[in-house]
Chemist: 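Quick one: the structure is below, and I'll ask about it shortly.
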Amino acid sequence: MRVEVAYARPDTQHLVAVEVAEGTSVEAAIIASGLLEACPEIDLTRQSVGVFSRIVPLETPLTENDRVEIYRPLQVDPKAQRRARAKAQRDRR
């Protein structure tokens, strides 16, 4: 079966189509994609992965045409960023 594995850096995106056996796990598909070698910053013990924007465990079995996504850690906490923007707006007044 065919699945895709996606990973995006700030400067480039990787989308790799992989042929795997029915029921292959998310982790096995990521390994088969070669992205772990192409992007050594990927650490599956610390990063979340998902299938079509839904976070799943690495052991999750895949089905035909699934898209596995490897998520990068957040650079800035969204709540802290909103607070900083609100403070900056208050300060401008």
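Values in this document were obtained by computation on a predicted structure and should not be read as measured data.
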Chemist: Would you compute the distance between atom OG of S33 and atom CD1 of I42 and round it to the nearest 0.5 angstrom?
Modeler: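 One finds 7.5 Å between OG of S33 and CD1 of I42.
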Chemist: Please assess E59 against V26 for the test side chain to side chain contact (heavy atoms under 4.5 Å, CB included), listing each intermediate value before the final yes or no.
Modeler: CA-CA 6 Å; E59 303 81 32; V26 167; over 6 Å; no
Chemist: Do the side chains of L36 and L15 join up, straight or via other hydrophobic residues, at under 4.5 Å, putting them in one cluster?
Modeler: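 No.
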Chemist: Establish whether V51 and Y71 are linked, either directly or via other cluster members, by ILVMFWY side-chain heavy-atom contacts under 4.5 Å.
Modeler: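 The answer is no; the residues belong to distinct hydrophobic clusters.
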Chemist: Side chains of R72 and Y7: closer than 4.5 Å at any heavy-atom pair?
Modeler: yes
Chemist: I need the minimum non-hydrogen distance between N65 and V3, along with the two atoms involved.
Modeler: N-CG1, 4.5 Å
Chemist: Please lay out, stage by stage, how K87 and R83 fare under the test side chain to side chain contact (heavy atoms under 4.5 Å, CB included).
Modeler: CA-CA 6 Å; K87 183 180 182 317; R83 279 190 219 109; over 6 Å; no
Chemist: Is any side-chain heavy atom of I55 closer than 4.5 Å to one of V49?
Modeler: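 When only atoms from C-beta onward are counted, I55 and V49 do not touch, as no gap falls below 4.5 Å.
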Chemist: Which heavy atom of A28 sits nearest a heavy atom of T24, and at what distance?
Modeler: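 Scanning both residues completely, I find the closest heavy atoms to be CB-CG2, 3.5 Å.
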Chemist: Distance from T63 atom OG1 to E22 atom CD, nearest 0.5 Å?
Modeler: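 Reported value, rounded in 0.5 Å steps: 7.0 Å.
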Chemist: Rounded to the nearest 0.5 Å, how far apart are CZ of R54 and CD of E69?
Modeler: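 R54 CZ to E69 CD: 10.5 Å, rounded to 0.5 Å.
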Chemist: Quick check for you: to the nearest 0.5 Å, what is the distance between E27 atom CD and T60 atom OG1?
Modeler: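 Interatomic distance, E27 CD to T60 OG1, rounded to 0.5 Å: 10.5 Å.
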Chemist: Kindly determine whether H14 and I70 satisfy side chain to side chain contact (heavy atoms under 4.5 Å, CB included), including the steps that lead there.
Modeler: CA-CA 10 Å; H14 300 272; I70 305 168; over 6 Å; no
Chemist: Which value, rounded to the nearest 0.5 Å, describes the distance between I30 atom CD1 and L44 atom CG?
Modeler: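 Between atom CD1 of I30 and atom CG of L44 there are 5.0 Å.
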Chemist: Taking atom CZ as the centre, does R46 end up with more than 12 heavy-atom neighbours from other residues, nucleotides or ligands that are less than 6.0 angstrom away?
Modeler: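 12 or below, so no.
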